[in-house]
Amino acid sequence: MVEKLYLTDCYIKEFKAKITKIDGNLVFLDKTAFYPGGGGVENDKGTFIFNGNKIEVTNVKEIDGEIAHEVTSASFKEGDEIIGVIDWDRRYRMMRLHTASHIIAAIAYSKYNSKITGGNISPEYAKDDFDIDDKNKLLEIVKEANEIAKKGLPVKIYFLKKEEALKIPGIVKLAERMPPNIDTWRIVEIEGIDIQADGGPHVSNTLEIGEIVPIKIENRGKGKKRIYYTVKP
């Protein structure tokens, strides 16, 4: 099985790996720091360096537990060693937005017992759907989230057995979906604010988020709102 480097260290920008399989323009490695997307966070992009040449990695996805890297050309073979390089600007913005989304979700849950009913994070902006009735509540939540982000709280990543994780109140804040049915869950904890089961990349301190800026809020049906927001700088 592939070693998923992004699960334990979100800051790996470059890594060496061996090609284990090639299927058309899909390349599989023995280890990777490329995040394949999931949990509403878009996948990484970047490049492979092989024999001094740069090959673009245009898409990354998970297939049956393996990570498939879609490349523009496959001028290598099984057993070759490549250097993988993450598009860091893209990844880091999504990390900042992802941690911001956890703070927003934690406030919505604790104040209004509101859960996320859908969402997506791209490098440009995030959007989250909440079962909440008033857009002013969402604006207040973002204002509070900014105050929390400024406190410079550590963001910890660790692993717990499913049985232990399920004892934690609010460990799942998605209204319509549970984490995968596996024995060990990856936990992301923002100290004193939030603990969630989560498989995606995050910053290690809330100061890295910057300022959370609302873009717009839409009605998505009775008692449902969608908020679009970004981070700056």
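Computation of the quantities below employed the complete heavy-atom set of this structure, encompassing side-chain atoms and omitting hydrogens, waters and symmetry-equivalent molecules.
Note: D23 CG to E70 CD = 11.0 Å, rounded to the nearest 0.5 Å. To the nearest 0.5 angstrom, T206 atom OG1 is 12.0 Å from D194 atom CG. Rounded to the nearest 0.5 angstrom, D134 CG and E140 CD are separated by 9.5 Å. Note that the CG atom of D133 and the NZ atom of K137 stand 3.5 Å from one another [nearest 0.5 Å]. In this structure, OG1 on T117 lies 8.0 Å from CZ on R226, to the nearest 0.5 angstrom. Here CD of E81 is found 10.5 Å from CG of L29. Values are rounded to the nearest 0.5 Å.
When atom types are taken as modelled, the side chain of R186 and the backbone of Y158 share no donor-acceptor pair closer than 3.5 angstrom. Counting only distance, with no hydrogens or angles, the side chain of T58 and the backbone of V71 share no donor-acceptor pair below 3.5 Å. Side-chain atoms of N219 do not come within 3.5 Å of backbone N or O of K225 as any donor-acceptor pair. Checked by atom type and distance alone, the side chain of D30 pairs as donor or acceptor with a backbone atom of K18 at under 3.5 Å. Remark: side-chain polar atoms of N146 are not paired, donor with acceptor, to backbone N or O of K143 under 3.5 angstrom. Using a distance-only test at 3.5 Å, with no hydrogens or angles considered, no donor-acceptor pair links the side chain of R93 to the main chain of S122.
No side-chain heavy atom of M95 sits under 4.5 Å from any side-chain heavy atom of H202. Residues Y112 and I141 form a side-chain contact, since some pair of their non-hydrogen atoms from C-beta on lies under 4.5 Å apart. Put simply, the side chain of N120 reaches to within 4.5 Å of the side chain of E42, judged on heavy atoms. Residues I82 and I49 have side chains not in contact (no heavy-atom distance under 4.5 Å, counting atoms from C-beta outward). Side-chain contact between I168 and L160 is present, with at least one heavy-atom pair separated by less than 4.5 Å. You'll find the side chain of Y35 reaches within 4.5 Å of the side chain of R91, heavy atoms only. Inter-residue side-chain proximity for I187 and D198 is flagged as unmet; no heavy-atom pair is nearer than 4.5 Å. Here the side chains of L138 and V142 are not in contact, with every heavy-atom distance at 4.5 Å or above.
Donor-acceptor pairing under 3.5 Å is recorded for the side chains of Y92 and E208. Between the side chains of S114 and D131, at least one donor-acceptor pair of N or O atoms lies under 3.5 Å. At a cut-off of 3.5 Å, with distance as the only test, no side-chain donor of K61 or N43 sits close to an acceptor on the other residue.
One hydrophobic cluster, built from ILVMFWY side chains closer than 4.5 Å, cannot hold both L7 and F28; they sit in different ones. Cluster annotation: Y6 is connected to V2 through the hydrophobic network of ILVMFWY side chains, with a link wherever side-chain heavy atoms come within less than 4.5 Å. Linking ILVMFWY residues whenever their side-chain heavy atoms come closer than 4.5 Å, directly or via other members, leaves V213 and L97 in distinct clusters. V85 and M94 fall into different hydrophobic clusters, where Ile, Leu, Val, Met, Phe, Trp and Tyr side chains are chained together by heavy-atom contacts under 4.5 Å. No single ILVMFWY cluster, assembled from side-chain heavy atoms under 4.5 Å apart, contains both I212 and L207.
Aromatic ring orientation, F76 versus F50: perpendicular (interplanar angle above 60°, classes split at 30° and 60°). Using cut-offs of 30° and 60° on the angle between ring planes, the pair H102 and H98 is perpendicular.
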Given the rule in the salt bridge (charged side-chain N to carboxylate O under 4.0 Å, His left out) test, do K111 and E144 qualify, once you have shown the distances and angles that lead to the verdict?
-> CA-CA 11 Å; K111 276 198 159 184; E144 189 172 332; 2.9 Å; yes

Criterion side-chain contact (heavy atoms from CB on, under 4.5 Å) on D129 and I116, from CA distance to verdict | CA-CA 6 Å; D129 294 345; I116 295 174; 5.6 Å; no

Check against side-chain contact (heavy atoms from CB on, under 4.5 Å), T8 and I157 | CA-CA 7 Å; T8 51; I157 292 174; over 6 Å; no

Could you please spell out the steps behind the side-chain contact (heavy atoms from CB on, under 4.5 Å) verdict for F34 and F15?
-> CA-CA 10 Å; F34 281 88; F15 62 97; 3.7 Å; yes

Working for side-chain contact (heavy atoms from CB on, under 4.5 Å), residues L26 and I63 = CA-CA 11 Å; L26 299 179; I63 303 173; 4.3 Å; yes

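Closest approach of I107 and A145 over heavy atoms only: CD1-N, 3.5 Å. Between E56 and T47, the closest heavy-atom pair is CA-CG2, 4.3 Å. Across all non-hydrogen atoms, the minimal contact from P201 to C10 is CA-SG, 3.6 Å. Residue F159 comes nearest to T184 through the heavy atom pair CB-CG2, 3.8 Å, listed as atom of the first residue, atom of the second, then distance. Considering all non-hydrogen atoms of both residues, V155 and N205 come closest at CG2-N, 4.0 Å. Between I121 and A126, the closest heavy-atom pair is CG1-CB, 3.8 Å.
Contact check on K4 versus E62 returns a salt bridge, with a Lys/Arg side-chain nitrogen under 4.0 Å from an Asp/Glu carboxylate oxygen. For the pair D87 and K45, the salt-bridge criterion is not met [side-chain N within less than 4.0 Å of a carboxylate O]. Under a 4.0 Å N-O distance rule, the pair E164/K161 does not qualify as a salt bridge. The pair E218-R220 meets the salt-bridge criterion, with a side-chain N (NZ, NE, NH1 or NH2) lying under 4.0 Å from an Asp/Glu carboxylate O.
For the side chain to side chain contact (heavy atoms under 4.5 Å, CB included) with T32, the qualifying choice from E66, H69, E3 is H69, the only one to do so.
Judged as a ring-ring contact (aromatic ring centres under 6.0 Å, His included), the pairs with a partner in residues 213-233 (not counting sequence neighbours) are, in order, Y125-Y228.
Remark: K13 is positioned above the aromatic ring of W88, its terminal NZ or CZ atom under 6.0 angstrom from the ring centre and at most 45 degrees off the axis.
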